[in-house]
Engineer: 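Let me begin by handing over the structure; questions about it come next.
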Amino acid sequence: MNAAASIDDVLAGLNPQQRQAATFGNEPLLIVAGAGTGKTATLVHRVAWLIAQGIEPGRILLLTFTRRAAAEMLHRADGLLRQLRHPGTTRVWGGTYHAIATRLLRRYGKAIGLPPEFTVHDRADSEDLLNVVRTELNLAKTDKRFPKKGTCMSIYSRCVNARQKLEQVLADSYPWCNGWKEELGRLFDAYVDRKEAASVLDYDDLLLYWDALLADSQAGQTVCKLFDCVLVDEYQDTNALQADILYKLCPEGKGLTVVGDDAQSIYAFRAATVRNILDFPKYYPNASLVALEQNYRSTQPILQAANQVIAQAKERFTKNLWSQRAEGERPLLVHCEDDADQAEFIIHRILEHRETGVELRRQAVLFRASHHSILLEAELARASIPFHKFGGLKFVETAHVKDLLAFLRLAENPRDVVAGMRLLPLLPGIGPGKSQQLMLMLQQAGGDFSTWSAWKPPAGAATVWPKFVGLLQGLVRTPDDLPAQVNRVRKFYGPLMETKYDRIEPRLRDLEQIELIASRYPGRRQMLLELTLDPPSSTQDLAGPPLLDDDYLVLSTIHSAKGLEWDVVYVIHAADGNIPSDMATRNPLEIEEELRLFYVALTRAKNHLYVCYPLRYYHSRYGDQHSYAQLTRFLPNHVLTCFAQRVTGPDGEEAEGDDSDSASIDAHTTSRAVRRQTKDLWD
């Protein structure tokens with residue numbers, strides 16, 4: 001039988017900074033772990049080291065953001081302890097904030113008046129209950145459109161987790177709901193009362209009641225005494241309420257370790273705040289900081305570019321990532337003619353890398369917003385490149401896009417009852433009953449929309465009904481002029497959409513993208529066959545059979561890509577207004593988070609990094625109206641020295657040129673823009 005390993009043997013695989021963090025003493029510790037620096041390995045070794053030093057496993061609390069992360073860490077720590085012939089980690093309190101809260105409240109909740117038999121609602125259940133209360137208060141029957149249940153739930157949740165007043169939340173995050181402050185207050189009051197009467201907690205309540213438990217003089221001391229060591233993963237992603245819980249749980253910081261990276265704090269839309277990690281030394285003045293800087297993922301040229309980007313942050317913990325992989329290509333900044341040119345370039349490079357042995361699944365295209373990939377998705381489908389998309393709803397699955405496609409479906413097949421029953425209730429005063437009658441009338445007339453012209457609509461639809469019938473008749477007459485059809489539908493449907501959905505601007509942009517995609521198809525029937533008649537469960541279904549068994553390209557929003565890595569990464573639409581998003585530049589704090597988001601995108605790449613910047617954006621494929629873009633503000637001249645640069649040709653191919661001469665590249669781009677502007681005078 002092999003002899004037991006020593007603790008030095010177990011720690012031998014760590015670098016000096018990782019080992020310092022893993023074997024730190026009992027004072028509060030902040031581990032600033034840069035991207036790809038072995039954060040998980042460090043935390044796992046710290047758990048194992050604490051147990052090896054005599055800390056009882058049952059007196060260790062490990063807080064993570066997913067159950068799987070906690071289970072994986074404890075499994076790996078178990079493996080290390082087996083090498084030491086030491087009892088395992090089975091009694092460690094490991095899990096998410098909400099899971100640990102539930103466990104503690106079941107045991108100690110009576111102390112603050114919470115019955116132990118309480119039930120927990122998930123997000124969907126909570127929205128449904130909130131909607132019941134909303135209906136009982138007659139808030140849906142007002143002169144103006146009251147926010148839907150999902151929006152109401154998001155506002156409520158942000159108030160709780162960010163510890164902000166309703167007025168501030170509305171002003172900062174939901175300005176379009178500002179006029180409903182009083183009604184929302186009544187709704188939330190009634191919702192809280194309803195939960196209490198039914199002994200129901202939602203996810204937010206779990207944290208609220210855990211915080212209240214810790215604030216109780218007796219119960220709080222009992223809970224605090226349960227743990228000798230508390231370890232928190234991804235601390236940069238915590239919200240204000242979670243930080244308050246931690247401060248109460250470890251008031252002096254004894255045995256407290258938090259791990260995170262301020263440079264990767266990108267979830268403010270979930271009420272997370274970078275202030276928690278930045279202010280940790282203020283709450284615990286005796287805290288020590290260990291920075292993990294050796295990167296095990298990327299080449300040094302990629303890290304050099306990422307370091308220069310994040311160095312622009314106004315407030316941060318200083319660290320410079322480095323790698324022993326000193327060789328490698330510089331990241332490539334690609335100046336594209338437009339987004340179609342960008343798609344051509346990316347497809348060309350994807351296939352080129354695949355031919356050199358880089359499987360599709362080891363390549364990823366990253367973007368700021370889900371709709372940024374729509375044109376690329378269509379081109380990938382045409383090139384038979386399979387892909388999976390992560391982050392946000394796929395455009396063909398969103399309700400407003402389904403509405404738009406339903407116009408085309410009904411024009412193509414007037415017997416399509418599903419399409420008709422989706423469209424007709426969009427019109428004021430027409431409900432399901434009248435919709436059924438109208439569809440029966442249309443079928444009896446053999447699909448001739450003129451039969452609807454003689455129907456007398458209700459007063460609310462008197463103006464819009466003739467336009468609706470005329471639109472459908474026009475679509476029937478022009479089955480092959482697809483971009484023009486989508487343009488007409490978009491202009492008719494836009495005002496109706498504003499009465500049905502929240503957050504109109506992103507939805508309008510989605511519809512503009514559908515118009516762009518329409519130009520890639522020869523006619524309406526072909527597009528509907530691919531997108532509508534056989535609705536895809538996800539966008540990879542659009543791309544046909546895979547080239548290799550189970551091989552596919554990854555498309556992902558940057559938010560969904562955090563924590564992942566690929567051999568080849570393409571960051572698209574690196575133009576101001578997209579990166580940073582023009583919807584997230586209202587104040588310096590939002591711009592700082594957009595900078596961190598761009599940094600996260602760059603640090604996903606292991607070997608090859610491409611940043612693509614389209615020069616022109618078309619407003620519509622129906623005509624030549626377009627605007628010129630500016631390169632993202634996050635790549636100023638001093639940062640551009642870390643990039644090689646290329647200008648793509650007319651087919652997505654790279655133009656000849658000296659990539660070391662940034663000035664010549666800029667001149668080339670400007671020259672092309674001047675020539676194009678001149679041609680636009682008569683094109």
Side-chain angles (χ1 to χ4, degrees), residues 331-354 363-369 371-385 387 395 483 509 512-521 542-543 553 555 568-579 601 608-632 635 640 643-659 662 664-680 683:
L332 184 62
L333 175 64
V334 185
H335 301 260
C336 304
E337 182 82 13
D338 52 30
D339 51 351
D341 190 28
Q342 175 181 252
E344 291 287 344
F345 168 80
I346 288 173
I347 289 173
H348 174 77
R349 277 302 174 98
I350 286 169
L351 295 176
E352 186 178 83
H353 280 295
R354 180 175 172 271
Q363 304 184 54
V365 182
L366 306 183
F367 33 86
R368 172 61 179 86
H371 69 268
H372 288 170
S373 70
I374 291 177
L375 188 140
L376 177 61
E377 291 177 45
E379 291 303 304
L380 289 169
R382 291 168 67 87
S384 296
I385 297 177
F387 58 88
F395 75 99
R509 293 182 185 181
E512 291 170 1
Q513 292 295 320
I514 293 294
E515 186 176 338
L516 294 177
I517 287 175
S519 66
R520 323 302 283 188
Y521 291 88
L542 300 175
L553 177 73
L555 304 183
V568 184
V569 168
Y570 310 86
V571 182
I572 61 175
H573 292 295
D576 245 48
N578 293 328
I579 299 177
H608 302 279
L609 173 63
Y610 301 91
V611 178
C612 296
Y613 153 58
L615 178 64
R616 295 193 301 171
Y617 283 93
Y618 283 94
H619 303 306
S620 168
R621 286 294 182 200
Y622 188 61
D624 194 39
Q625 292 184 343
H626 61 269
S627 58
Y628 286 89
Q630 296 289 329
L631 180 64
T632 174
L635 291 177
L640 286 178
F643 288 78
Q645 298 192 50
R646 290 286 189 275
V647 177
T648 58
D651 298 317
E653 299 287 344
E654 297 171 28
E656 296 290 336
D658 179 4
D659 63 30
S662 298
S664 68
I665 294 294
D666 293 339
H668 188 180
T669 304
T670 302
S671 175
R672 292 177 63 189
V674 171
R675 292 197 301 273
R676 184 64 210 178
Q677 284 175 319
T678 304
K679 292 180 180 179
D680 286 345
D683 277 357

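In what follows, every heavy atom counts, from backbone to side chain, and hydrogens, waters and symmetry copies are set aside.
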Engineer: Report yes if the side chains of L376 and Y570 come closer than 4.5 Å at any heavy-atom pair, otherwise no.
Structural biologist: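 No, their side chains stay 4.5 Å or more apart.
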Engineer: Can you name the nearest heavy-atom pair linking A381 to F387, along with the distance?
Structural biologist: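 Between these two residues, the closest heavy atoms are N-CE2, 4.2 Å.
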Engineer: Could you tell me the separation between the NE2 atom of H348 and the NE2 atom of H353, rounded to the nearest 0.5 Å?
Structural biologist: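 Rounded to the nearest 0.5 Å, the NE2-NE2 separation comes to 9.5 Å.
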Engineer: Is there side-chain contact between C612 and I346, with heavy atoms separated by less than 4.5 Å?
Structural biologist: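 Result yes, sub-4.5 Å side-chain heavy-atom pair found.
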Engineer: Taking the side chain as everything from C-beta on, heavy atoms only, tell me whether V568 gets closer than 4.5 Å to I350.
Structural biologist: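 V568 does not reach I350 side chain to side chain.
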Engineer: Can you see which heavy atom on F643 is nearest to which on L635, and at what distance?
Structural biologist: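 It is CE1-CD2, 3.7 Å.
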Engineer: Could you tell me whether the side chain of H573 reaches within less than 4.5 Å of the side chain of D339, counting heavy atoms only?
Structural biologist: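 Yes; the side chains approach each other to less than 4.5 Å.
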Engineer: Atom CG of L615 and atom CD of Q630: how far apart are they, to the nearest 0.5 Å?
Structural biologist: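 Atom-to-atom, L615:CG and Q630:CD are 9.0 Å apart.
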Engineer: Does F345 reach the side chain of I347, with side-chain heavy atoms less than 4.5 Å apart?
Structural biologist: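 SC-SC contact between F345 and I347 ruled out.
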Engineer: So which heavy atom on A629 is nearest to which on Y613, and how close?
Structural biologist: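 A629 and Y613 have their closest heavy atoms at O-OH, 2.9 Å.
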Engineer: What closest approach, in Å, do V611 and A574 show between heavy atoms, and which atom pair accounts for it?
Structural biologist: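 That closest heavy-atom pairing would be CG1-CB, 3.5 Å.
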Engineer: Indicate the atoms forming the closest heavy-atom contact of I579 with T632, along with that distance.
Structural biologist: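 Nearest heavy atoms, I579 then T632: O-OG1, 2.7 Å.
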Engineer: Let me confirm one number: the CD1-CD distance from I374 to E515, rounded to the nearest 0.5 Å.
Structural biologist: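 One gets 12.5 Å once the value is rounded to the nearest 0.5 Å.
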Engineer: Find the distance between NE2 (H335) and CD (Q645) and round it off to the nearest 0.5 Å.
Structural biologist: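 Nearest 0.5 Å value for the NE2-CD distance: 4.0 Å.
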Engineer: Go through the steps for L351 and I385 under the test side-chain contact (heavy atoms from CB on, under 4.5 Å), then give the verdict.
Structural biologist: CA-CA 9 Å; L351 295 176; I385 297 177; 3.8 Å; yes
Engineer: Hydrogens and angles aside, do Q363 and H608 bring a side-chain donor and acceptor to less than 3.5 Å of each other?
Structural biologist: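 Judged by distance alone, the side chains do not pair up.
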Engineer: Could you pull out all residues at least two apart from F367 that satisfy ring-ring contact (aromatic ring centres under 6.0 Å, His included)?
Structural biologist: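 Scan of F367 (ring-ring contact (aromatic ring centres under 6.0 Å, His included), adjacent residues dropped) gives none.
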Engineer: For the residue pair E512 and H371, establish whether any side-chain heavy-atom pair is separated by less than 4.5 Å.
Structural biologist: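 Not touching, per the 4.5 Å side-chain cut-off.
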Engineer: Would you mind reporting whether L555 and L380 have side-chain heavy atoms less than 4.5 Å apart?
Structural biologist: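 SC-SC contact between L380 and L555 confirmed.
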Engineer: Which heavy atom in L375 sits nearest to a heavy atom in A343, and how many Å separate them?
Structural biologist: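 Scanning both residues completely, I find the closest heavy atoms to be CD2-CB, 3.8 Å.
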